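Hydrogens, waters and symmetry mates play no part in the numbers below; they use all other heavy atoms, side chains included. Only a predicted model underlies this, so the values are computations on that prediction, with no experimental measurement involved.
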Amino acid sequence: MGTQPVAIVTGGNSGIGRACAVALARRGFDLGITWHEDEENLQSLLGELEGVRVEHRRADFADVPGADAVIDELADALGGVDALVANAAAGHSTPFLETDADTFRDVLTLTLLGPFLCGQRAAKRMVAQGRRGRIVNVTSVHEHVPLEGSSGYVAGKHGLGGLTKVMALELASHGITVNAVAPGEIATKMTGNENVDPSGEERPGIPVGRPGDANEVAAVVAFLCSPEAAYVTGASYVVDGGMLLMGAMANPLATQSA
């Protein structure tokens, strides 16, 4: 095994996952990256990562159990795992009354079952290694508040937030911390803002007045993977420019009755 710690990032070739990979590399982590689509983006990322070992594997987390074996595969290739960033997910936009069981199940598989299985594999490796570890689940502000038309996504992210807390309780005695990072609107492909400079976009409904940058989420993830975060576990770090604070203000009736 090398002297540098190892981090595995799922969905690490684009958006928030890519930013996390770069941030962790800058903190001295060797990297295992999973990706599903867009090999061109992956190659671009690999060209950006210097001075660290990198292993990457293609994985479709719609196919779990099964695809989660990639965690052990990457850990074997890199000599262990010290941090897991469970980032791979997918959303959907379908009214509740029109959402069929297959869609609901598929979204839950990607947003909840996949992170559960990957987290379990990583945690077992960390326990067997006998050294401390970090797990960060990338959720969403919709871990905390609903989103109309996204029943499966919201259910999955709420579930992942709860799972994070249970994992934190059970794994603390092994020196493993588990936290969630809950992004708001971030300029990525998922929000339809890929390759957009968020500083030039106006968002009157967000206190800071703009979408977030993936690097701003990655900075929080990298901190939670660091030795400095050893006393932080079971927390959910909301990175949303204050969006959630606007809930009551968006409803005049709620404001009047407060």
Side-chain angles (χ1 to χ4, degrees), residues 1-12 16-17 20-21 23-34 52-53 55 57 59 61 64-65 67-89 111-139 143 156-183 217-239:
M1 179 180 174
T3 58
Q4 298 187 149
V6 173
I8 295 175
V9 182
T10 67
I16 290 172
C20 289
L24 289 166
R26 288 174 179 165
R27 279 186 173 258
F29 282 86
D30 288 335
L31 290 169
I33 296 168
T34 80
V52 299
R53 293 181 301 153
E55 292 282 341
R57 300 289 187 277
F61 292 110
V64 291
D68 49 295
V70 73
I71 302 300
D72 285 315
E73 191 176 330
L74 287 168
D76 287 341
L78 290 163
V81 57
D82 300 282
L84 169 70
V85 180
N87 167 72
T111 57
L112 184 54
L113 182 58
F116 163 75
L117 292 169
C118 290
Q120 190 176 64
R121 284 182 179 269
K124 286 180 177 180
R125 297 291 296 238
M126 293 171 183
V127 171
Q129 290 165 181
R131 59 181 191 262
R132 300 177 183 275
R134 303 279 186 265
I135 297 175
V136 179
N137 291 319
V138 178
T139 60
E143 172 198 345
K157 293 300 187 180
H158 270 64
L160 186 54
L163 175 64
T164 297
K165 294 178 176 65
V166 174
M167 291 170 66
L169 281 174
E170 295 192 21
L171 297 176
S173 62
H174 298 285
I176 300 169
T177 66
V178 188
N179 293 285
V181 172
V217 180
V220 179
V221 171
F223 163 70
L224 291 172
C225 290
S226 73
E228 293 87 349
Y231 204 57
V232 181
T233 197
S236 178
Y237 278 67
V238 177
V239 186

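- Rounded to the nearest 0.5 Å, atoms CG (Asn137) and CG (Leu84) are 7.5 Å apart.
- Here Lys165 contributes atom NZ and Thr233 contributes atom OG1; the two are 11.0 Å apart, rounded to the nearest 0.5 Å.
- Residues Val64 and Phe116 form no side-chain contact, since every pair of their non-hydrogen atoms from C-beta on lies 4.5 Å or further apart.
- Expressed to the nearest 0.5 Å, how far CD of Gln4 lies from CG of Asp30 amounts to 4.5 Å.
- Nearest heavy atom pair, residue Ala230 against residue Arg134, reads CA-NH2, 3.4 Å.
- Judged by distance alone, the side chain of Arg131 and the main-chain N or O of Asp82 form no donor-acceptor pair under 3.5 Å.
- Scanning both residues, Ala67 and Ala59, for their nearest heavy atoms gives O-CB, 4.5 Å.
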Please tabulate, for the side chains in residues 118-127, all donor-acceptor contacts under 3.5 angstrom to protein atoms that are two or more places apart in sequence or on a different chain.
from, atom 1, to, atom 2, distance (Å)
Arg121, NE, Asp68, O, 3.3
Arg121, NE, Asp68, OD2, 2.6
Arg121, NH1, Asp72, OD2, 2.5
Arg121, NH2, Asp68, OD2, 3.4
Arg125, NH1, Asp72, OD1, 3.2
Arg125, NH1, Asp76, OD1, 3.0
Arg125, NH2, Asp76, OD1, 2.8

Run the side-chain donor-acceptor check on residues 174-183: report pairs under 3.5 Å with partners two or more places apart or on a different chain.
from, atom 1, to, atom 2, distance (Å)
Asn179, OD1, Gly234, N, 3.2
Asn179, OD1, Ala235, N, 3.0
Asn179, ND2, Val232, O, 2.9

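- Between the side chain of Thr139 and the backbone N or O of Gly161, no donor-acceptor pair lies under 3.5 Å.
- Atoms CD1 and CG, from Ile33 and Leu74 in turn, are 9.0 Å apart once rounded to the nearest 0.5 Å.
- Atoms CZ and CD1, from Arg57 and Ile71 in turn, are 11.5 Å apart once rounded to the nearest 0.5 Å.
- The shortest side-chain heavy-atom distance between Glu143 and Thr164 does not fall under the 4.5 Å cut-off.
- In this structure, Val85 and Leu24 have side chains that are in contact, with non-hydrogen atoms separated by less than 4.5 Å.
- At a threshold of 4.5 Å between non-hydrogen side-chain atoms, the residues Leu160 and Thr111 do not count as touching.
- Between Phe29 and Val6, the shortest heavy-atom distance links the atoms CD2-C, 3.8 Å.
- Two residues are said to be in side-chain contact when any heavy atoms from C-beta on lie closer than 4.5 Å; Ser226 and Arg27 meet this criterion.
- For the residue pair Ala218 and Cys20, the shortest heavy atom distance occurs at CB-N, 3.6 Å.
- The closest donor-acceptor contact from the side chain of Asn87 to the backbone of Val138 lies at 3.5 Å or more, if one exists at all.
- Here the side chain of Gln129 pairs a donor or acceptor atom with the backbone of Val81 at under 3.5 angstrom.
- Remark: Glu170 pairs with Val166 by the side chain to side chain contact (heavy atoms under 4.5 Å, CB included) rule, at least two apart or across chains.
- The shortest heavy-atom contact between Gly12 and Ala21 is O-CB, 4.2 Å.
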